[in-house]
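Reading through the structure tokens given below for one structure.
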There are 2 protein chains.
Amino acid sequence: MSILTPKQKEIVEREAQILEIARPIVVREGYHGLNMDRIAEAVQYSKGTIYNHFSCKEEIIIALAIKNVAKRVELFQKAAQFKGRSRFRMVAIGEAAEMFVRDFPDFFMFEEIIQLPSVREKTSGKRQAVIQGCEMQCMSVVAGIVRDAVAQEDLELPEGVKPEELVFGLWSLTSGAYSIMLKSESLEQMGLEDPYAIVRFHTAALLDGHNWKPHSTEFDMDSLLKRIRREVFSNE
Amino acid sequence: MSILTPKQKEIVEREAQILEIARPIVVREGYHGLNMDRIAEAVQYSKGTIYNHFSCKEEIIIALAIKNVAKRVELFQKAAQFKGRSRFRMVAIGEAAEMFVRDFPDFFMFEEIIQLPSVREKTSGKRQAVIQGCEMQCMSVVAGIVRDAVAQEDLELPEGVKPEELVFGLWSLTSGAYSIMLKSESLEQMGLEDPYAIVRFHTAALLDGHNWKPHSTEFDMDSLLKRIRREVFSNE
DNA sequence: GTGGTTTCTGACGGTTCGTCAATAATGGAA
DNA sequence: TTCCATTATTGACGAACCGTCAGAAACCAC
């Protein structure tokens, strides 16, 4: 069943080739820099052939975004497997999020583009669902750690607060910070030098504020981070 | 000097009229829904005339965004004038941010659009600087409260941490949360019901985590919010 | 080979952008 | 009031890009 005729192989490879060519164009020149004639010329096939693969240019962009979110889920799942107390596993999640931004800073551009109403209208619900599915997976990985923390009595949630609501705070803080970092020049003007460190500083404070034990003053963050990098992400 | 001929008056009014017509189009149909021919038809002037006011459609969108950011600065300044301890003034800032999102949810759409590379390239640096200036004003209003808190010994910043870095955390948390709220359907699927309350919950935790006194368990948040709404924002 | 199927092609119609030469309106001076 | 230099308005136009589709080419099983 998975045996491919030369022709079928060519088609599969071409799809990857289109995405490879499109990615740097979007990164350099954004949504509007990407146009089908240009891709067609670059891959040396006619425009009609490109349209056999992707029904519009928005589909190309969402396909690029999907490649990245899948990677994020992988990083999160790895981080969650870190052996140790729940609070330490959360630090590992933070590290995963930071690595994702460092390694795929372009993703935030794709994410913004695919949220534009004009783009959402044109792209298939199927691909949109894939993105949302990955988002939910990340959420539930982290919510799982929250549940573990509650079970182990490292954390107590106020009456009526769901684990997902706690995750939402972290999600907001980190995604907000990274999106400001990547798009605003104000930061440098305000003299903020190591934004990644600032994000770590605030996530620690947020978890401390929710009284997630052990408190960040009760363990050595630097050596923990080193251990996480070594044990979880050594081959990234 | 400010006496206008009828003609000049007409021109000034037309500019406002163009923006009034453009706004709902962008809100309903996004960046791509807005097109110059359509505006021209709606305002009953030719396209060339529209171009006398705005050199491209991106300029229209950034002009709309400017109207909103100016309003935000105003709300923040009002909030900062709340009489009381620094921690309470921060709650007022949080309330201002929430009011801004509730009253101008569209702004986040404009903000995203004007960050697109294609839009940034085409819009005048002058208008971009206005936006950034408002951002900086908000930042420095809040940083001022942080400085007051430090002076009054309600807050102690770790060695080397600037007030702006603390503000960055709050800014990230709130803007991240609101941007997720406004664009992601995942939230409802995850069962998060009152996102505004969750944002308040997390900002309180973040400030508690930084040990900003009085701690949120030491005062009555609900009555404070009521007082703020009455004393600061009664006429909004 | 052959014929039916799949794939590829690029010219084409449609939409929007931004321009600019021609036209019209304006308002101060005679 | 009339005239005319200045300023404002107009819409047809060229350019860029999208997505389509009828016909050409390639493929493959017999």
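All chains are named by letter (A, B, ...) in the order of the sequence lines, taking the proteins before the strands, and each is independently numbered beginning at 1.
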Listing, residues 195-203 of chain A side-chain donor-acceptor contacts under 3.5 Å, not counting sequence neighbours, or none:
unit_1: R200(A); atom_1: NH1; unit_2: E98(A); atom_2: OE1; d: 2.8
unit_1: R200(A); atom_1: NH1; unit_2: E98(A); atom_2: OE2; d: 3.2
unit_1: H202(A); atom_1: ND1; unit_2: H210(B); atom_2: NE2; d: 2.9
unit_1: H202(A); atom_1: NE2; unit_2: E165(B); atom_2: O; d: 2.8
unit_1: H202(A); atom_1: NE2; unit_2: G169(B); atom_2: N; d: 3.3
unit_1: T203(A); atom_1: OG1; unit_2: V199(A); atom_2: O; d: 3.1
unit_1: T203(A); atom_1: OG1; unit_2: R200(A); atom_2: O; d: 3.0

request  = Could you tell me how the ring of F104(B) sits relative to the ring of F100(B): parallel (under 30°), tilted (30 to 60°) or perpendicular (over 60°)?
outcome  = tilted
List, one per line, each side-chain donor-acceptor pair under 3.5 Å for residues 130-139 of chain B, sequence neighbours excluded.
unit_1: E135(B); atom_1: OE1; unit_2: S186(A); atom_2: OG; d: 2.7
unit_1: Q137(B); atom_1: OE1; unit_2: Q77(B); atom_2: NE2; d: 3.4

Can you check the [X] [atom1] to [N] [atom2] distance for me, whole Å?
| X | N | atom1 | atom2 | value |
| --- | --- | --- | --- | --- |
| E59(A) | dG19(D) | CD | P | 11 Å |
| I39(A) | dC18(D) | CD1 | P | 8 Å |
| I50(B) | dC20(C) | CD1 | P | 19 Å |

Note: E58(A)-R127(A) ion pair, threshold 4.0 Å (strictly below) = no
request  = Search all heavy atoms of S172(B) against all heavy atoms of L173(A) and return the closest pair with its distance.
outcome  = CB-O, 3.5 Å
query = Reading nucleotides 6-19 of chain C 5' to 3', which nucleotides get B (base under 4.0 Å from a protein heavy atom), which S (sugar-phosphate only), which -?
reply = -SSBB-----SBBB
